[in-house]
Amino acid sequence: MKYLIAYMMKYGETLIMSNEHKRYLRKLKLNKMLITISQISLLIFFIVIWEILSRYNIINSFIFSSPSKIIETLIKLYRDNNLFIHIYTTTIEVVIAFILTFIIAFLLALALYSCKTLKKILDPFIVALNSLPKVALGPLIIIWLGTNTSSIIFNALLISIIVTFMTILNGMESCDKDLIKLFKVFGASKTDILLHLIIPSAKKEIISSLKINISMSLIGVIMGEFLSCKKGIGYLILYGTQVFNLSLVMCGILILSLLSFLCNIFINILEKKLLR
Amino acid sequence: MNLINITSVTKIYHTPTKEIKALNNISLDIEDNKIMSIIGPSGCGKSTLLNLITASEKPSTGFIRNNQPIMIGYMMQSDALLPWKTVYENAILGLRLQKKVTNDNINYVNDLLKKYELYEFKDEYPSNLSGGMRQRLSLIRTLAIKPNILLLDEPFSKLDLETRKNISDDVYKIIKDLHISAILITHDIEEAISLSDEIVLLSKRPGTIKSIYKLNFTEKEIPSIRRKDEIFNRLYDEIWRNFDHV
């Protein structure tokens, strides 16, 4: 009873709701529902129109494929035990690239934050590497590492690392100078300042870097698979193009979109957990 | 007894294009159990002087000597609270960094939180506190480490007038209750007179000591009472005339 009263006192305002507030909440719920229904309807409308246009030969189904053909291809891939091999290969490569990128970028940001001279020395190289179109290094990577998973992961690393590292470093550098001063006056060591101030205060930027990192890793892996691979969604798309099986290409793109969507959900969950 | 002696201190900053003399030949004695205000126009080196006292910067010439071990409590313009930590975690931040989280010290912090009406908010985050509450929490965090000197770097400048006056009274009472020294940096002459035992007026850059005013208010005359005193206005006029207006 005591706890119930305490709860009522703390959250009393939300328990005793005015009619106006109830109307407001209903309106909010309706609006949310309207958005979700519109999104689903839009997707269904697009799929139906695509199917009709293709079925009545208004668009060339050989070039543009059709939703039914994509589903057929998906079922065929599944029956041939090919579907999950490609999804698994790409997912594992993305996860490895994502983790490696984060670890290296985080350590690099930490080192460059701690040593300003090192930052000044490396600055022009970082700028050059950032502006370089990494795809140009693709052939070199294949020669150095061969046509295997390592070269795909290395390619993804090259694409995602600089931008991830720059976002983290930016977060670390934007820490409130007053707070650093306060920590120093309290006699905090450099490690204390890094662990208890700089890193926690850069939390938002670190999460942003994860968001950038996951999409960049995905791009890097697909690009890598285009260049050198016999498995993966990138390979599926490339193979489909080579044999002019556009349904296979569309199928690859569909799986890729789903994978990217799932990656975003994963990062959003992580964000909610970290920012709690 | 003097807590800190500042002798012939000069501070010069170097930039690639020029050198800037921030302070010139400053000599001061900071007494035990006294509140000293350092006032002067913007850029006259007030905060530099505070940085030299905290040893976060070194003087270019001259020296600063502590006559006894000092424990500095520092309050700055912003309340500098960590938004990702709760009120309680913010309050014990200094103790945690100095590895002094003992039962006695925790009890002391809890007493301070109760005394300054923040105990029931101890599990809330600073974003849920008002400006005055945030400043009180900042003060509790400063006091938690049991400092023997408080450095106040324009700590009330971002507060509204009403909160400012109330918190001035609170801070004054705390300093006097705890029998500690304090140095207040401000450009607000009224604030300096209402809080201090001694006012040091600095000239415009490079900051030199223009005048030192010894104030004879009794301890019971808290800032809000001092403001109504006739001496307050007289002193204000005198300091205003000597102040380098830029």
Side-chain angles (χ1 to χ4, degrees), chain A residues 2-3 5-14 106 113-114 116-117 119-121 123 168 170-210 270-276, chain B residues 47-48 50-57 69-86 89-101 120-121 123-128 134 137-139 141-147 149-155 157-158 183:
Chain A
K2 197 174 81 184
Y3 293 108
I5 292 167
Y7 184 82
M8 290 280 287
M9 279 174 76
K10 194 168 183 186
Y11 299 105
E13 278 175 40
T14 52
F106 185 78
Y113 177 81
S114 309
K116 302 287 177 229
T117 312
K119 191 192 165 204
K120 280 179 190 160
I121 293 169
D123 203 41
I168 299 175
N170 203 16
M172 288 178 170
E173 283 178 337
S174 61
C175 179
D176 188 346
K177 300 283 175 285
D178 273 354
L179 285 173
I180 299 175
K181 196 169 167 183
L182 181 83
F183 268 60
K184 282 183 180 165
V185 173
F186 276 140
S189 64
K190 275 191 172 179
T191 320
D192 278 337
I193 295 176
L194 269 179
L195 290 179
H196 300 295
L197 177 63
I198 304 296
I199 296 172
S201 70
K203 215 171 175 180
K204 274 190 183 164
E205 285 80 4
I206 292 173
I207 290 164
S208 297
S209 82
L210 293 178
L270 202 68
E271 179 177 14
K272 273 183 192 157
K273 286 210 164 192
L274 289 172
L275 286 182
R276 195 183 284 165
Chain B
S47 292
T48 304
L50 224 51
N51 289 342
L52 295 173
I53 295 169
T54 59
S56 50
E57 288 181 41
I70 61 164
M71 178 63 77
I72 295 172
Y74 197 81
M75 265 184 89
M76 44 190 77
Q77 281 177 27
S78 66
D79 46 54
L81 298 173
L82 303 183
W84 60 88
K85 288 199 184 281
T86 61
E89 287 167 338
N90 265 292
I92 61 161
L93 179 76
L95 291 173
R96 184 146 281 167
L97 290 171
Q98 294 180 354
K99 296 175 179 62
K100 287 181 183 166
V101 189
E120 59 191 288
F121 300 95
D123 298 321
E124 300 278 345
Y125 285 91
S127 56
N128 296 335
R134 290 175 68 99
L137 175 57
S138 173
L139 182 67
R141 180 184 57 193
T142 310
L143 297 176
I145 58 165
K146 295 179 181 159
I149 181 162
L150 263 188
L151 304 184
L152 308 161
D153 189 357
E154 301 194 39
S157 60
K158 287 183 180 166
I183 300 174

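Lettering follows sequence order; numbering is per chain, from 1. These numbers come from a predicted model, not from an experiment. These numbers come from the heavy atoms of this one structure, side chains and all, not from hydrogens, waters or symmetry mates.
For B:Lys85, the NZ atom counts as densely surrounded, since its 6.0 Å shell holds more than 12 non-hydrogen atoms of other residues, nucleotides or ligands.
Under the 3.5 Å distance criterion, the side-chain polar atoms of B:Arg141 are left unmatched by any main-chain donor or acceptor of B:Gly94. Under a 3.5 Å cut-off, the side chain of A:Lys116 and the backbone N or O of A:Tyr113 do form a donor-acceptor pair. B:Ser138 contributes no side-chain N or O that, together with a main-chain N or O of B:Arg134, makes up a donor-acceptor pair within less than 3.5 Å. A donor-acceptor pair is defined here as one N or O able to donate and one able to accept, closer than 3.5 Å; such a pair exists between the side chain of B:Gln98 and the backbone of A:Phe186. A donor-acceptor distance shorter than 3.5 angstrom exists from the side chain of A:Lys203 to the backbone of A:Leu274, with no hydrogens or angles considered.
Interface remark: of the candidates B:Leu82, B:Leu81, B:Thr54, B:Thr142, B:Leu82 forms the most heavy-atom pairs closer than 4.5 Å to chain A. Of the listed residues (B:Ala80, B:Pro147, B:Ala55), the greatest number of heavy-atom pairs within a distance under 4.5 Å of chain A belongs to B:Ala80. Annotation: maximal heavy-atom pairing with chain B below 4.5 Å, among A:Leu197, A:Leu182, A:Asp192, A:Leu179, occurs at A:Leu182.
Interface remark: B:Ile72 contributes backbone and side-chain atoms alike to the contact with chain A (heavy atom separation under 4.5 Å). Contact annotation for A:Asp178: both backbone and side-chain heavy atoms come within less than 4.5 Å of a heavy atom of chain B. Residue B:Arg96 does not touch chain A at all, counting heavy-atom pairs closer than 4.5 Å. In this structure, the portions of A:Ser201 lying under 4.5 Å from any heavy atom of chain B include both its backbone and its side chain.
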